[in-house]
Amino acid sequence: MSAPNKSYDPVEVEALKPEEIARMRDEALAAFAAAGDLAALHEAKIAHIGDRSPLALANREIGALPPHAKADAGKRVGGTRAEVGRALATRQEELEAERDARVLVEEAVDVTLPGDRITPGARHPLTTLSERIEDIFVAMGYEVAEGPEVEAEWFNFDALNFTPDHPARAMQDTFFVRSAGAADAAAEGESGVVLRTHTSPVQVRSMLDREPPIYVVCPGRVYRTDELDATHTPVFHQVELLAIDEGLTMADLKGTMDHMVSALFGEGVSTRVRPNYFPFTEPSAEMDMQCYVCRGASVGDPDHPCRTCSSEGWIELGGCGMVNPRVLIACGIDPEKYSGFAFGFGIERMLMFRHNVEDMRDMVEGDVRFTRPFGMEI
Ligand SMILES: [Zn+2]
């Protein structure tokens with residue numbers, strides 16, 4: 001191993017010459033001053049004091065110098081690096097201050113400006129009214145039952161005592177679901193599948209699924225081939241009630257209806273029944289409720305007409321009756337042991353007279369201006 005070269009002069013090493021070190025310093029200071037933002041300053045920092053910068057490389061050269069030359073070169077390079085480091089820190093502070101000032105201006109929030117108001121939605125009143133009715137019956141021990149909207153004809157008609165040629169079947173204008181192989185519209189009726197025309201098939205399913213006593217409330221969407229106008233819609237909602245137990249009579253039906261209308265329209269509002277015909281009930285009746293606005297006071301009083309009941313004192317609500325024994329038999333229930341009552345009504349119609357909605361189309365068009373006022377209902 002050879003001895004260090006005593007005559008080695010650091011000034012002779014190109015990178016360590018004072019003018020070379022001064023040039024590196026000047027370039028670094030100029031680059032820091034020229035950096036317009038923190039990103040540019042970061043670039044300049046890497047270029048001028050990073051591991052591969054000229055100053056760092058010069059610093060490494062010192063290690064190769066003989067001991068007597070190290071002090072002088074180390075002092076010169078070290079002092080320059082410290083000076084460059086201070087210049088960098090100063091410029092860093094300046095640019096950070098500039099950035100903070102800019103952010104304060106750019107991100108200032110004017111709390112006096114009007115905000116973008118997000119209008120809250122509201123549940124559709126058909127939903128809230130239907131749930132309110134369900135709640136009345138759930139409180140009495142009824143169970144909510146639901147079923148398919150695309151229904152077998154047997155559930156929709158046959159089990160409910162509509163025989164294939166029964167005129168009542170034609171009373172309901174039905175959407176038949178065309179089977180895949182059906183050649184034309186005329187063959188639609190052969191599929192045996194319909195869009196349910198009432199929620200009554202849910203009653204059939206409930207009787208087949210459960211053992212008596214059965215107490216169910218069946219809300220749901222139903223379909224008939226009506227044109228959409230102020231008082232008709234091809235898709236509407238029903239709620240039906242079914243009670244099957246030993247010894248049930250029309251008195252139980254009447255008491256249940258009275259309770260429902262009192263809960264919905266006010267204490268003391270009563271109901272009445274008028275004879276009617278449905279294939280699935282026997283006897284069958286039309287049920288009316290007392291007008292909850294005038295309570296009958298407008299009848300025969302032309303000075304105080306009632307808009308809600310057209311001064312008739314009663315409002316038609318829906319159909320009801322004792323479950324036809326033939327339906328009980330079709331659903332596997334012994335009519336000798338059990339009897340039952342059922343009633344059903346349309347939610348759209350009830351919403352119309354309960355809230356003075358004059359046009360049924362408002363309920364289906366999805367305009368939030370219609371639903372929003374109902375949003376207050378709890
Ligand atoms: Zn009235």
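Residues Arg196 and Gly147 share a closest heavy-atom pair of NH1-O, 3.1 Å. Contact between Ala33 and Arg91 at its shortest, heavy atoms only, is O-NH2, 3.7 Å. Shown here for Gln203 and Ala342, the closest heavy-atom pair between the two residues is OE1-CB, 3.8 Å. Across Pro219 and Thr199, no two heavy atoms sit closer than the pair C-CG2, 4.2 Å. Of all the heavy atoms in Ala297 and Asp301, the pair that sits closest is O-CB, 3.7 Å. The two atoms that bring Ala28 and Val84 nearest to each other are CB-CG1, 3.8 Å, heavy atoms only.
Rounded to the nearest 0.5 angstrom, His48 NE2 and Leu41 CG are separated by 10.5 Å. To the nearest 0.5 Å, the span separating CE on Met250 from SG on Cys320 amounts to 5.5 Å. Residue Ile315 holds its CD1 atom at 4.5 Å from SG of Cys291, rounded to the nearest 0.5 Å. Taking NE2 of His259 as the reference point, atom CG of Leu264 lies at 9.0 Å (rounded to 0.5 Å). Rounded to the nearest 0.5 Å, atoms SG (Cys331) and CG (Leu208) are 5.0 Å apart. For the atom pair Glu358 CD and Thr231 OG1, the distance stands at 12.5 Å (nearest 0.5 Å).
Distance alone, capped at 3.5 Å, is enough to place a donor-acceptor pair between the Ser206 side chain and the Val202 backbone. At distances below 3.5 Å, not a single donor-acceptor pair connects side-chain atoms of Arg307 with backbone N or O atoms of Asn356. In this structure, Arg25 contributes its side chain and Leu55 its backbone to no donor-acceptor pair below 3.5 Å. With Thr80 contributing its side chain and Ile21 its backbone, the two residues share no donor-acceptor pair below 3.5 Å. When atom types are taken as modelled, the side chain of Thr90 and the backbone of Arg86 share a donor-acceptor pair closer than 3.5 angstrom. A donor-acceptor pair is defined here as one N or O able to donate and one able to accept, closer than 3.5 Å; such a pair exists between the side chain of His124 and the backbone of Leu126. Of the possible donor and acceptor atoms, one in the side chain of Ser339 sits under 3.5 Å from a partner among the backbone N and O of Leu248. Remark: the backbone N or O of His232 is paired with a side-chain donor or acceptor of Asp229 at under 3.5 angstrom. The main-chain N or O of Ala97 is never found under 3.5 Å from a side-chain atom of Asp100 such that the two would form a donor-acceptor pair. Using a distance-only test at 3.5 Å, with no hydrogens or angles considered, a donor-acceptor pair links the side chain of Glu348 to the main chain of His237.
Counting non-hydrogen atoms of neighbouring residues, nucleotides and ligands closer than 6.0 angstrom, the NZ atom of Lys254 exceeds 12 such neighbours. Residue Glu246 qualifies as enclosed at atom CD: its count of foreign heavy atoms under 6.0 Å is above 12. The environment of Asp110 atom CG is dense: over 12 non-hydrogen atoms of other residues, nucleotides or ligands sit within 6.0 angstrom. Heavy-atom neighbours of Asp334 CG from other residues, nucleotides or ligands within 6.0 Å: above the threshold of 12.
With salt bridges taken as basic N to acidic carboxylate O contacts below 4.0 Å, one links Arg369 and Asp367. Salt-bridge check for Glu316 with Arg349: failed, with every basic side-chain N at 4.0 Å or more from each acidic carboxylate O. Between Asp37 and Arg99 there is no salt bridge, since none of the side-chain N atoms of the basic residue sits less than 4.0 Å from a carboxylate O of the acidic one. A salt bridge is defined here as a Lys NZ or Arg NE, NH1 or NH2 lying under 4.0 Å from an Asp or Glu carboxylate O, and Glu98 with Arg102 fails to meet this definition.
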Could you check Ile49 against Arg81 for side-chain contact (heavy atoms from CB on, under 4.5 Å), going step by step and ending with a plain yes or no? CA-CA 8 Å; Ile49 60 170; Arg81 293 181 86 200; 6.0 Å; no
Check the pair Met207, Tyr338 against side-chain contact (heavy atoms from CB on, under 4.5 Å), reporting the backbone distance first and the verdict last. CA-CA 12 Å; Met207 286 187 272; Tyr338 295 103; over 6 Å; no
side-chain contact (heavy atoms from CB on, under 4.5 Å) assessment of Thr281 paired with Met322: CA-CA 5 Å; Thr281 43; Met322 300 305 291; 5.8 Å; no
I'd like to know whether Glu149 forms a side-chain contact (heavy atoms from CB on, under 4.5 Å) with Tyr223, so could you lay out the CA-CA distance, the side-chain angles of the two residues, the decisive distance to 0.1 Å, and finally the verdict. CA-CA 8 Å; Glu149 291 171 23; Tyr223 303 83; 2.5 Å; yes
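Two different hydrophobic clusters hold Phe278 and Val222 under the rule that ILVMFWY side chains link at heavy-atom gaps under 4.5 Å. The hydrophobic clustering, which links ILVMFWY residues whose side-chain heavy atoms are closer than 4.5 Å, places Val204 and Phe280 together. Connection of Phe374 to Ile133 is established within a shared hydrophobic cluster, with ILVMFWY side chains joined at heavy-atom distances below 4.5 Å, either directly or through further cluster members. Hydrophobic clustering, with ILVMFWY side chains joined whenever heavy atoms are under 4.5 angstrom apart, groups Met257 together with Tyr142. A continuous path of hydrophobic side-chain contacts links Phe343 to Leu317 [ILVMFWY only; heavy atoms under 4.5 Å].
In summary, the side chains of Arg326 and Asn161 do present a donor paired with an acceptor at a separation below 3.5 Å, with no hydrogens or angles considered. For the residue pair Ser130/Glu134, the side-chain donor-acceptor check at 3.5 Å is satisfied. A donor and an acceptor atom, one from each side chain of Ser200 and Asn156, are nowhere located under 3.5 Å apart. Asn324 and Glu282 form no side-chain donor-acceptor contact under 3.5 Å, judged by distance and modelled atom types alone. Between the side chains of Glu267 and Ser262, no donor-acceptor pair is found at a separation under 3.5 Å.
The shortest distance between side-chain heavy atoms of Met287 and Thr271 does not fall below 4.5 Å. Side-chain atoms of Val299 and Glu312, non-hydrogen and from C-beta on, never get closer than 4.5 Å to each other. The side-chain heavy atoms of Arg272 and Trp314, taken from C-beta on, include a pair separated by under 4.5 Å. Phe157 is listed as a side-chain neighbour of Thr174, based on a closest heavy-atom distance under 4.5 Å. The side-chain heavy atoms of Val193 and Glu153, taken from C-beta on, include no pair separated by under 4.5 Å. When side chains are defined from C-beta on, Val217 does not count as touching Glu143, because their heavy atoms never get closer than 4.5 Å. The shortest side-chain heavy-atom distance between Val269 and Arg295 falls under the 4.5 Å cut-off. Two residues are said to be in side-chain contact when any heavy atoms from C-beta on lie closer than 4.5 Å; Thr233 and Arg361 fail this criterion.
With a 6.0 Å cutoff to the six-membered ring centre and a 45° limit on the axis angle, Arg354 counts as a cation-pi contact of Phe265. Arg205 forms a cation-pi arrangement with Phe155, by the criterion of a distance under 6.0 Å to the ring centre and an angle within 45° of the ring axis.
Ring geometry, Phe353 versus Tyr292: the interplanar angle falls from 30° to 60°, so the pair is classed tilted.
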